[in-house]
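This one's a predicted model, so the numbers in the text were calculated from it and none came from an experiment. Here is how names work: the chains are called A, B, and so on, in the same order as the sequence lines, proteins then strands, and each is numbered from 1.
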Amino acid sequence: MILQHGGDYQHYLKKLSVTHIIASNLTNSKLQEFRSYKVVRPEWITESVQAQQMLPWQNYRLVPRATTQRELLFSRDKETSIPEKITGESLNADVLANDWARQVSTANPTFIKRYYETSRLHYLSTWKEELKDIVDKLEQKYKSDANSLSRKNSSAAHNRIVMHVDFDCFFASVGIKDRPHLSSLPVAVSHSKTVSETSSSDIASCNYVARSFGIHNGMTIGMAKGLCPTLQVIPYEFDKYKSISKKFYEILFQYADEMQAVSVDEALLEVRSHITQPKDDACAQKEEQEALATAIRDAIRQETGCEASIGVGPNILLARMSTKRAKPAGQYVCNSKQDIEDLLASQNVTDLPGVGYAIGDKLKELNVTLVSDLRKKPLYELQAKLGAKMGQTLYNFSRGIDDRPLITNQPRQSVSAEVNWGVRFENEENERGFVEGLAKEVAERLQKHNVKGKNITVKILKRKDDATQAAKHLGHGRVDAFTKSCALGNFTDDAALINKHVYSMLRSFQFSSADIRGLGIHVSKLDNQERLSSDQETLNFKSRNEIDAQQRQPSIEKGDLSRQASKEIMEVDPFVYNELPHSVQKELEATYNLKFKKLLATNDEPKKIPEQPAISTLPELPPWSQLDPLSLLALPNEMRDQILKTYGTKEGDTLLKTPQDTPTIQKSRAPASLHTKTPRLSSAKVGGGSNRSRTITQMFQPSASPSSRSNVSSSSVTNNNETPTTRTSRFQYVFQGQEEENGDDGDLPYDAEVWKELPQDMKDELLEEHRRLKRVKIEQKVQKEHSVSRESAQRIDLHPYRTKEPSLQGVTDIKEVRSLLREWVASYKESPEAEDVATITNYLIELVYHADLEKVRLVIAYLMYLVRDFDSSSWKLCTGQIHETVSEMVKSVYGCPLCI
DNA sequence: ATCCTCCCCTAC
DNA sequence: TAAGGTAGGGGAGGAT
């Protein structure tokens, strides 16, 4: 209708060419973004057409969604039928009648500042950030050191030694250190000054004497008093904690190849390079690790006067579990299979890191309480219950497997501030003031960390309708949580701007201010993120140019464009310009050297289609990729022909003014809606069971460079002078063979009927595009499988159904499989590569699903035979692990273990 | 398939 | 009386 009545239609908002925006609904952020545009409902068009004249747009303004939304009306009558309705207003009035409560709640204008000065959790978070910074800086310093390479490399090696160091009841220990007379008494750290039964103050930390009474962290003083009337309460001493923590980190850094700040009293260390004993001498290694732990504990005791416990293990999980075992004031080294068993099997699942109440409950629904129960569950069951990632993680954890590296130098992703205590608003003005203060707080934090963000999220805790006075004094009580976010056009750290958005989002919920029990502001999408892709708005041209100058396509560089744009002359249609909002006009004037066109000389297009009765000029066409063939078919014949011809004669994207002699369609993707809903013509499956075998391509590569996980793929890619996405290996034929077979286009994903209607040249384009897409897909799949196999050794395909026989490296015959294994073991005398172990495990698992247990048995037996008289324990450990995993698998699928 | 929003969960 | 913050991983489900 727009076109037929002389209008023009743009698919994307371009400030220079859009006069009105048609929408029946818009998100909050779009409403904000378009607030200076003429945003009208579609009725403006239809009714104008009907009236045969352009009606005033003002009458068709799109009103904000919030106000068009119908309100859920809870009848007042029903409410009053509840005998004593509890309202936020009455509850707040009750609490705020008390003068003291007024002082410490939002009723006090200086509340936010005072609150953050006393919140232990706030300190915990702040310290963690500071310590991360310190560790990063120290790391930087060491990097310039000559020694740094060896330090770094050793931690990336496969045989990790991870150390977890953790103070025993940190806050309590620090307090007791300066109050020796309390050392043998039950002690707790809390805000509470008196130990009364009614105190709802939390215990932040308590010593082991107190714990012997059943007292634990997080318990209220009131409850603790019930358990132990003689409990000694000491106050927080935040400054002390911080200074002791500093000493702690200074000590640790001397022993760490790499360090992750976990918290003020806790850190993770890679200490491989500090262990000199050979890997295969487990006994000597254990002794050395014990000695190292003792030395570190001694140093900490001497410097800080407090006890720390240390756990050592081959990964983070086992190090942490070891610390648990070590406490208090002890250490534990886990370096044998038996140790792993001792640490895990009998533990409660909630003792695993990352398993709290919620996940513990979900596991309980699966009848899983102990880690040993967890181990009996097949992967798919865990994933179905907990999600793909969590299921996999716990499946691995239960077996002592944990691939996670230490996290260091991670750029911050968000900044936030929230307060969920003491929030009691007497009126809306009160609420507004608080939001303003919180926005200011967030803005200051952004500024402090030198970042800006373009996404703002507000989080609200609203008292449940039936919630009475909170159990904790001025606590939030029983609440529901709500969040809403908005995307900004620009990065910001401006308090007023943040406040404006937050307040408007908050109001959109239409909650009574008296019901609000907590508020938070989160800012994300920060401007400190690494620019990895050319899509990003800022680019580090130097480094990128250096890295991939050769791979660079002669395509457009967005960055280049925008850089030059500031000097460019911009041709503007005066008609369009006059319709633009004033702010946009100004912006254009500021940015460009504007030059007004004479008049509607749309003859930019060299090839104009002459015979057009219906429409004289074509509107700017959407990119080819956006074209919906079904809609195309629905158009009047002439119009469709014209559109198709236009695509055939020029670039789909008219922004690219490069003249094209040959009618090609670049950068096009198959429109999604073309995907058939009827069965495909034929689906020629190629490659068969060899798909997975591609993950093995690294298997026989020399292990010269201590191939850290991250550089494996890159090293295999940059070898030789091949295209980046193909693999350098003697097994390359697997990949290339597939690619060639793709000449078969039988599996085109298009509806046969639609296809038939398309003109031949369009068919040709689509065919070519289809082939290209297919190639890309295969390449991506190869890469993905690599990353997957790197992620976890126990990845199991969730789709057991296999028509093709599983293969290792494209090979299925047991003799050939054996010779592959022989070759593999021979080429890695020292210890196996994790990726290869994963590949073989995967192969075996597929065999299990393929019900070829005999072959499973043969392969494992042969592996064991190959490593039978190896000195290296890692080979034996590894084959043992493969055996165990597969056996577990067999058990979960068939109900009985595998007998070799 | 990938992204985005609105959550939930966890750790200290 | 009391100071239930914060960042990041991740999932569900919808939009693109």
Side-chain angles (χ1 to χ4, degrees), chain A residues 27-29 95 98-101 103-105 108 111-129 131-132 166-167 170-171 190-194 196 198-202 204-205 217-218 220-222 236 261-267 320 350 352-362 383 386-393 404 407 410 412-423 441-442 445 455 457-459 461 470-477 479-487 517-518 520-522 524-525 625-626 669 672-673 777 780 784:
Chain A
T27 61
N28 255 334
S29 64
V95 180
N98 182 307
D99 228 29
W100 173 84
Q103 282 304 303
V104 296
S105 74
N108 183 331
F111 169 72
I112 294 180
K113 182 169 171 285
R114 293 181 48 152
Y115 178 68
Y116 281 134
E117 277 168 6
T118 33
S119 162
R120 72 186 197 277
L121 292 172
H122 170 70
Y123 278 102
L124 246 32
S125 299
T126 330
W127 288 332
K128 175 167 183 172
E129 291 308 307
L131 288 165
K132 281 204 288 197
D166 186 1
F167 276 106
F170 186 53
F171 289 7
S190 161
H191 278 304
S192 177
K193 298 220 164 48
T194 61
S196 90
T198 57
S199 168
S200 66
S201 180
D202 275 355
S205 174
N217 296 352
T220 61
I221 290 288
Y236 290 93
V262 178
S263 81
V264 68
D265 65 338
E266 191 181 333
R320 294 193 96 123
T350 50
L352 293 172
V355 180
Y357 290 111
I359 290 167
D361 283 352
K362 282 186 179 179
Q383 290 186 316
L386 309 167
K389 203 96 173 220
M390 201 61 205
Q392 179 77 61
T393 302
R404 296 170 303 168
I407 295 167
Q410 195 183 33
R412 172 190 275 272
Q413 291 171 38
S414 69
V415 173
S416 67
E418 74 187 74
V419 176
N420 300 308
W421 186 89
V423 178
E441 177 71 32
V442 182
R445 292 184 194 183
N455 195 291
T457 305
V458 58
K459 179 183 161 197
L461 296 190
K472 176 189 282 296
H473 221 86
L474 287 174
H476 56 61
V479 291
D480 290 314
F482 300 82
T483 65
K484 183 174 284 238
S485 63
C486 68
R517 290 289 176 265
I521 301 175
H522 299 244
S524 57
K525 300 241 167 78
S625 61
Q626 302 284 314
R669 280 183 292 118
S673 49
K777 240 184 197 161
Q780 283 172 349
K784 201 167 187 175

Which part of the nucleic acid, if any, lies within contact of [X], taking any heavy atom under 4.0 Å across all strands shown: a base, the sugar-phosphate backbone alone, or nothing?
{"X": "Gly387(A)", "value": "sugar-phosphate"}
{"X": "His191(A)", "value": "base"}
{"X": "Gly222(A)", "value": "nothing"}
{"X": "Arg445(A)", "value": "sugar-phosphate"}
{"X": "Glu129(A)", "value": "sugar-phosphate"}
{"X": "Ala101(A)", "value": "nothing"}
{"X": "Ser196(A)", "value": "nothing"}

Run the side-chain contact (heavy atoms from CB on, under 4.5 Å) check on Ser201(A) and His191(A) step by step: do they pass?
CA-CA 6 Å; Ser201(A) 180; His191(A) 278 304; 3.8 Å; yes
Looking at Thr118(A) and Tyr115(A), would you say the former's side chain and the latter's main chain have a donor-acceptor pair under 3.5 Å?
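Such a contact is found between Thr118(A) side chain and Tyr115(A) backbone.
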Is it the case that the side chain of Trp421(A) and the backbone of His473(A) share a donor-acceptor pair, with hydrogens and angles ignored and the cut-off at 3.5 Å?
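Yes, because the side chain of Trp421(A) sits within donor-acceptor range (under 3.5 Å) of the backbone of His473(A).
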Using heavy atoms to find the nearest nucleotide of DNA chain C for Gly475(A) and Val415(A) separately, return the residue whose nucleotide is more 5′.
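Nearest nucleotide further toward 5': that of Gly475(A).
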Which residue lies toward the 5' end of DNA chain C, Ile407(A) or Thr198(A), if each is placed at its nearest nucleotide?
Thr198(A)
Could you tell me if the side chain of Tyr116(A) sits less than 4.5 Å from the side chain of Glu441(A), heavy atoms only?
yes
Over all heavy atoms of both residues, which pair between Val264(A) and Leu131(A) is shortest? Give the atoms and the distance, please.
CA-CD1, 3.5 Å
Minimum heavy-atom separation for Ser414(A) and Ser524(A), please, with both atom names.
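Residues Ser414(A) and Ser524(A), closest heavy atoms: CB-CB, 4.1 Å.
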Please find the earliest and latest nucleotides of DNA chain C, in the 5' to 3' direction, that have an atom within less than 4.0 Å of any heavy atom of chain A.
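Counting from the 5' end, contacts occupy dT1(C) to dG11(C).
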Strictly below 4.0 Å, N to O, side chains only: are Lys132(A) and Glu129(A) in salt-bridge contact?
yes
For the CZ atom of Phe171(A) and the OG atom of Ser190(A), what is their distance to the nearest 0.5 Å?
12.0 Å
Summarise protein proximity over nucleotides 4-12 of chain B in one line of letters, 5' to 3': B for base, S for sugar-phosphate only, - for none, counting protein heavy atoms closer than 4.0 Å.
-SSS-SSSS
For Asp202(A), enumerate each residue passing the side-chain contact (heavy atoms from CB on, under 4.5 Å) test, keeping only those at least two apart in sequence or located in another chain.
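So Asp202(A) forms a side-chain contact (heavy atoms from CB on, under 4.5 Å) with Arg120(A), Thr220(A), Lys472(A).
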